[in-house]
Amino acid sequence: MAGATNATAPTLISSVQRALRLLEAAGAHPDGAPAKLLAREAGIPLPTAYHLLRTLTHGDYLRRQNGVYALGNAVERLVSGGSLQNRRSTLEESLAHWRDAIGVPVYFAVYREGEIDIVAVSDTPYAPAVAEWADFRETGHAHALGQCLLGQLDESARRDHLDRHPVQPVTPHTVRDRSALLERLASRGPMAPVVERQEYALGTVCAAIPITAGPVVATMAISLPLRQEARLLPAVEQLRTGIGGLLGSLAFSISI
């Protein structure tokens with residue numbers, strides 16, 4: 001029986017445990033603490049603590065300044081990585097909620113560093129998302145997501161984007177030229193949904209709504225097969241009226 005117990009017992013590496021206890025002790029002192037105090041709080045002999053502190057400092061998990069140790073950049077990166085995953089999970093759960101509630105694919109995009117960024121898409125085999133057959137970043141003039149984002153930019157940023165990504169045909173239904181696109185964007189109300197019919201993908205209709213989350217330009221969109229076009233406006237209106245409860249999680253997730 002003793003042999004069986006030993007076979008199933010976890011293998012614990014004491015040096016790793018001690019290093020983690022030192023990190024926990026350092027984390028309790030935002031302004032840093034000396035080696036002797038950290039060793040005492042971690043329950044580690046001082047010579048061993050010095051060795052581990054040097055190793056952790058070399059790896060940037062701790063930083064030493066004026067004789068005290070504080071958490072380093074590597075720990076902050078670990079924490080921010082976990083926060084990023086939490087934000088992404090929150091966003092994906094929110095999109096999945098609206099996907100199931102409305103029965104359509106749901107998209108979330110932001111305008112970041114001069115480019116259109118499709119952050120997340122939630123769909124099902126029964127309601128698949130539109131395939132990216134032409135680069136979404138370069139064809140923002142043709143799809144609802146891009147038009148909605150461009151419509152929220154100031155005139156200078158919008159013209160800069162179109163200088164880098166000129167208006168060009170994607171399908172026979174794509175807006176014909178830059179002037180027509182700018183006229184369309186200017187005529188739309190700031191919070192009005194953007195509707196696009198077969199401009200990016202034949203046989204598909206899309207609608208997008210602007211998302212207000214501080215200074216970030218963002219949008220949510222849905223798509224449907226052309227044969228279900230009658231559902232498009234009621235569906236996007238359902239999304240628009242229900243979006244208030246989602247804005248908190250979107251604002252939280254928007255820095256992904």
Side-chain angles (χ1 to χ4, degrees), residues 91-92 94-112 115-153 158 161-162 164-211 217-243 246 250:
L91 175 61
E92 290 173 351
S94 298
L95 295 186
H97 165 78
W98 288 106
R99 176 201 69 201
D100 296 340
I102 306 176
V104 297
V106 182
Y107 311 75
F108 178 60
V110 299
Y111 195 80
R112 180 158 35 209
E115 299 293 349
I116 293 167
D117 184 5
I118 311 296
V119 176
V121 180
S122 185
D123 65 350
T124 68
Y126 307 102
V130 178
E132 185 179 2
W133 73 275
D135 192 323
F136 281 135
R137 294 178 302 173
E138 297 179 2
T139 57
H141 61 282
H143 49 74
L145 282 166
Q147 291 181 27
C148 191
L149 292 172
L150 292 173
Q152 296 177 69
L153 301 179
R158 186 182 304 145
H161 181 92
L162 295 176
R164 291 180 290 108
H165 302 298
V167 175
Q168 55 187 333
V170 179
T171 76
H173 304 277
T174 306
V175 61
R176 65 182 183 275
D177 54 39
R178 177 174 176 143
S179 296
L181 175 65
L182 292 174
E183 181 178 351
R184 178 191 296 183
L185 297 178
S187 65
R188 182 177 292 115
M191 300 307 294
V194 174
V195 176
E196 164 268 294
R197 296 176 173 86
Q198 303 192 88
E199 293 187 51
Y200 176 79
L202 293 176
T204 302
V205 293
C206 301
I209 56 173
I211 299 295
V217 174
T219 180
M220 288 183 69
I222 61 174
S223 64
L224 283 166
L226 179 61
R227 65 181 182 276
Q228 299 180 29
E229 182 177 5
R231 292 182 57 205
L232 186 66
L233 291 180
V236 78
E237 180 63 18
Q238 183 179 350
L239 180 64
R240 188 187 67 80
T241 55
I243 203 67
L246 183 61
L250 286 178

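Since this is a predicted model, take the numbers as computed values, not measurements.
To the nearest 0.5 Å, the span separating CD on E115 from CG on L149 amounts to 11.5 Å. With values rounded to the nearest 0.5 angstrom, D123 atom CG is found 13.5 Å from I222 atom CD1. Between the NE2 atom of H141 and the CG atom of L162 there is a distance of 9.0 Å, given to the nearest 0.5 Å.
Listed by chain and number, the residues in a ring pair (Phe, Tyr, Trp, His ring centres under 6.0 Å) with Y111 are H161 (sequence neighbours excluded). Among residues two or more places apart in sequence or in another chain, the side chain to side chain contact (heavy atoms under 4.5 Å, CB included) test is passed with V121 by Y107, I118, A129. For E199, the salt bridge (charged side-chain N to carboxylate O under 4.0 Å, His left out) partners at least two apart in sequence or on another chain are R184. Scored by the side chain to side chain contact (heavy atoms under 4.5 Å, CB included) test, R197 finds V195, V205, E229 as partners (sequence neighbours excluded).
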M220 vs R240, test: side chain to side chain contact (heavy atoms under 4.5 Å, CB included). Steps then yes/no. CA-CA 9 Å; M220 288 183 69; R240 188 187 67 80; over 6 Å; no

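Among all heavy-atom pairs drawn from A201 and V130, the shortest one is CB-CG1, 3.9 Å. Nearest approach of S122 to A96, heavy atoms of both residues: OG-CA, 3.5 Å. Nearest heavy-atom pair, A192 versus P210, reported as atom, atom and distance to 0.1 Å: O-CD, 3.9 Å. Nearest heavy-atom pair across A127 and P105 is O-CG, 3.2 Å. Among all heavy-atom pairs drawn from A208 and T219, the shortest one is CB-OG1, 3.5 Å. Considering every non-hydrogen atom in both P234 and R231, the closest pair reads CD-O, 3.4 Å.
A donor-acceptor pair under 3.5 Å links the side-chain atoms of W133 to the main chain of Y200, judged by distance alone. When atom types are taken as modelled, the side chain of Q198 and the backbone of T204 share no donor-acceptor pair closer than 3.5 angstrom. A donor-acceptor distance shorter than 3.5 angstrom exists from the side chain of Q152 to the backbone of A218, with no hydrogens or angles considered. Within the 3.5 Å criterion, the main-chain N or O of F136 finds a donor-acceptor partner in the side chain of H143. A donor-acceptor distance shorter than 3.5 angstrom exists from the side chain of R158 to the backbone of L150, with no hydrogens or angles considered.
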Can you list, pair by pair, the side-chain donor-acceptor contacts under 3.5 Å of residues 176-183, counting residues two or more places apart and other chains?
from	atom 1	to	atom 2	distance (Å)
D177	OD1	S179	N	3.3
D177	OD1	A180	N	2.8
R178	NH1	D163	OD1	2.8
R178	NH2	R159	O	3.4
R178	NH2	D163	OD1	3.3

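The salt bridge (Lys or Arg N to Asp or Glu O under 4.0 Å) pairs that include a residue from residues 128-146 are D135-R137, where partners are two or more places apart or lie in different chains.
Taking 4.5 Å as the limit, some side-chain heavy atom of P172 sits within range of a side-chain heavy atom of L202.
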